[in-house]
2 protein chains.
Amino acid sequence: MEVSTEEKIIQAAEKIFVRDGFDGARMQDIANEAEINKALLHYYFRSKEKLFEHILQRKMKDFIPRIQAVLRKEMSVMDKLEGIVDGYLRMLSQNPRLPIFLLYSTYRNPAIMQHMPHEIFRDLIAFIDDAIQKKQLKKLDPSQFLLSLLGMCFFPFVAWPVASHMLEKSESEYVAFLKGRKVEIMKVIRELAYETDSS
Amino acid sequence: MEVSTEEKIIQAAEKIFVRDGFDGARMQDIANEAEINKALLHYYFRSKEKLFEHILQRKMKDFIPRIQAVLRKEMSVMDKLEGIVDGYLRMLSQNPRLPIFLLYSTYRNPAIMQHMPHEIFRDLIAFIDDAIQKKQLKKLDPSQFLLSLLGMCFFPFVAWPVASHMLEKSESEYVAFLKGRKVEIMKVIRELAYETDSS
DNA sequence: AAATAGTTTAACCAAATGGTTAATGCAAAC
DNA sequence: GTTTGCATTAACCATTTGGTTAAACTATTT
């Protein structure tokens with residue numbers, strides 16, 4: 001299982017950039033992590049900016065979507081919503097630091113969003129809109145509802161250090177707390193449906 | 001209206017640190033912003049770390065609380081919840097970049113949370129718990145509900161550049177969108193109450 | 001007015017950092 | 001086996017950056 005130098009660089013850069021951010025990351029640290037000479041970083045990716053942008057695009061692209069699959073399945077509205085929530089929570093549990101990294105990076109340099117496809121949310125909003133039209137969800141603004149949904153999923157991860165401290169939970173307690181997150185989010189969402197869809 | 005040098009430094013440091021983060025901020029930029037010599041920064045605050053910590057503590061402390069006031073007032077549960085949501089949304093509208101700065105800073109250095117009082121959420125959770133006991137709110141985990149509430153308020157601000165882009169809204173459209181946020185959050189929260197408390 | 005003590009500045013410094021370069025290694029092509 | 005061209009490295013460079021220092025300024029005290 002030989003790994004190409006380029007791949008080693010990408011792996012290392014992902015780790016260091018996500019951990020330290022663009023300003024905090026050191027090219028030497030990335031080189032060390034990849035176990036290569038620093039000059040190689042510039043050989044494969046011209047500059048720190050270029051390398052960062054590459055990593056950011058990559059991370060951003062496989063972060064947002066992956067829900068489309070759930071939408072296409074033959075399921076009730078509530079099951080689809082549960083699928084979306086579950087999908088996000090799983091991804092977040094595996095990459096707890098990723099969302100704050102992505103969000104902060106776009107704050108520091110909003111221009112990078114320009115290169116991102118901006119239709120990703122359309123399906124999601126169309127699905128919500130459709131559910132409302134069919135009176136399966138109460139009358140809400142679809143975009144607003146989507147942000148509420150995402151906020152409930154993402155916020156406990158984005159605010160990890162603050163939230164765990166304020167809730168007076170240890171690291172492991174907070175992890176356990178997050179495990180119960182799906183059920184609690186779904187309790188809220190079920191209240192927004194016309195029929196209670198109990199299993 | 002003479003402003004002390006120390007105050008000028010604090011003002012400038014707040015602006016630069018919130019804009020650029022700890023790693024991105026330059027001491028020279030802060031000095032320029034304060035219109036003073038760079039050495040003065042070290043005269044008043046020993047190091048960049050010290051100055052940063054001072055700013056961070058300050059910002060953090062007047063960010064989280066301010067809700068206690070609402071809790072003490074003689075109001076219905078729903079009105080209190082609306083007061084909390086309204087309080088946060090107002091603050092966020094005036095300081096849209098502050099939450100991502102605070103959250104990211106704690107991620108980069110979780111140790112800074114140790115110096116924060118960690119009882120702030122207690123009143124909030126006690127209030128929610130009480131409302132549930134009195135059957136005014138549906139049966140939910142109070143901590144989980146609090147994070148959902150905060151997530152709905154904070155997330156659209158924390159995720160500003162991503163969200164506005166994904167929702168295909170211009171800057172001004174997104175600002176307008178955020179103005180409608182309170183109503184939408186309250187629609188969700190009202191569904192979590194036993195009696196509909198229409199005015 | 002001279003001494004004192006706090007404040008402010010210009011000039012300076014050492015370390016760190018992104019980036020370059022010239023030489024070397026190395027495998028495939030000839 | 002030697003040439004060719006990419007991959008890799010050690011050494012180096014210019015700039016930036018947080019931080020220091022010694023001198024100058026300012027106002028109050030004596």
Side-chain angles (χ1 to χ4, degrees), chain A residues 1-59 101 104-109 111-112 115, chain B residues 1-59 101-102 104-112 115:
Chain A
M1 46 181 291
E2 267 278 277
V3 189
S4 74
T5 303
E6 191 169 346
E7 193 54 35
K8 279 201 286 183
I9 292 176
I10 290 174
Q11 298 283 334
E14 274 184 16
K15 177 173 169 183
I16 302 298
F17 275 136
V18 170
R19 193 188 65 193
D20 298 340
F22 177 77
D23 295 310
R26 296 291 97 103
M27 293 297 265
Q28 188 60 58
D29 289 349
I30 296 174
N32 291 347
E33 180 72 28
E35 295 177 301
I36 52 148
N37 187 284
K38 180 162 71 81
L40 268 187
L41 296 178
H42 293 92
Y43 179 77
Y44 282 90
F45 303 83
R46 292 244 310 262
S47 65
K48 190 184 181 186
E49 267 91 1
K50 287 272 192 338
L51 176 56
F52 181 74
E53 214 160 308
H54 187 93
I55 299 307
L56 192 60
Q57 299 254 0
R58 211 177 117 110
K59 282 287 175 192
F101 163 74
Y104 187 73
S105 298
T106 60
Y107 244 101
R108 294 247 40 217
N109 179 14
I112 51 186
H115 309 297
Chain B
M1 46 181 296
E2 266 277 276
V3 190
S4 73
T5 304
E6 190 168 346
E7 193 53 35
K8 279 201 285 183
I9 292 177
I10 290 174
Q11 299 282 335
E14 274 184 16
K15 178 174 168 181
I16 302 298
F17 276 135
V18 170
R19 192 189 65 193
D20 298 340
F22 177 75
D23 294 310
R26 296 290 96 105
M27 292 298 266
Q28 188 60 59
D29 289 349
I30 296 174
N32 291 346
E33 180 71 28
E35 294 176 304
I36 52 147
N37 186 285
K38 180 163 72 79
L40 269 187
L41 297 179
H42 293 92
Y43 179 77
Y44 281 90
F45 303 84
R46 291 243 311 266
S47 64
K48 189 185 182 186
E49 268 90 2
K50 288 271 191 337
L51 176 56
F52 181 74
E53 214 160 310
H54 187 93
I55 298 308
L56 192 61
Q57 299 254 1
R58 212 177 117 110
K59 282 286 175 191
F101 163 73
L102 293 176
Y104 188 72
S105 299
T106 60
Y107 244 99
R108 294 247 41 219
N109 179 13
I112 51 187
H115 309 296

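When reading the values below, keep in mind they use all heavy atoms of this one structure, side chains included, and skip hydrogens, waters and symmetry mates.
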Drop me the distance from A:Leu56's CG to A:Thr106's OG1, to the nearest 0.5 angstrom. 8.0 Å
Interatomic spacing from CG in B:Asn32 to CE in B:Met27 - rounded to 0.5 Å: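 Answer rounded to 0.5 Å: 12.0 Å.
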Heavy-atom side-chain proximity of A:Lys15 to A:Ile30 below 4.5 angstrom: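 No, their side chains stay 4.5 Å or more apart.
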Sub-4.5 Å side-chain heavy-atom contact between B:Leu51 and B:Ile9: yes
Would you indicate what B:Ala25 reaches in the nucleic acid, counting non-hydrogen atoms under 4.0 angstrom: base, sugar-phosphate, or nothing? sugar-phosphate
Between [N] ([atom2]) and [X] ([atom1]): distance, integer Å:
X       : N      : atom1 : atom2 : answer
B:Asp20 : D:dT17 : CG    : P     : 11 Å
B:Leu40 : D:dG19 : CG    : P     : 15 Å
A:Leu41 : D:dA7  : CG    : P     : 15 Å
B:Asp23 : C:dT17 : CG    : C1'   : 13 Å
A:Ile36 : D:dA10 : CD1   : C1'   : 14 Å
A:Met27 : C:dG19 : CE    : P     : 6 Å
A:Leu51 : C:dT17 : CG    : P     : 16 Å
A:Asn32 : C:dT17 : CG    : C1'   : 13 Å

May I ask you to list the residues of residues 42-50 of chain B, by number, that have any heavy atom positioned under 4.0 Å from an atom of DNA chain C?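 Within this stretch, B:Tyr43, B:Tyr44 sit under 4.0 Å of the strand.
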Letter by letter from the 5' end, nucleotides 11-16 of chain C scores (B base, S sugar-phosphate only, - none; protein heavy atoms under 4.0 Å) ------
Carefully, step by step, assess A:Asp20 and B:Arg108 under the rule side chain to side chain contact (heavy atoms under 4.5 Å, CB included). CA-CA 7 Å; A:Asp20 298 340; B:Arg108 294 247 41 219; 3.2 Å; yes
Distance-only donor-acceptor check, side chains A:Glu53 and A:Gln57, under 3.5 Å: no
Can we say A:Glu35 and A:Lys8 salt-bridge, meaning some charged N sits less than 4.0 Å from an Asp/Glu carboxylate O?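 Result for this pair is no, no salt bridge flagged.
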Does B:His54 have any ring-ring contact (aromatic ring centres under 6.0 Å, His included) partners at least two apart in sequence or in another chain, and if so, which? B:Phe45
Could you tell me if the ring centre of A:Phe17 sits under 6.0 Å from that of A:Phe52? yes
Phosphate-side-chain proximity, B:Thr5 and C:dT7, N/O vs OP1/OP2 below 4.0 Å: no
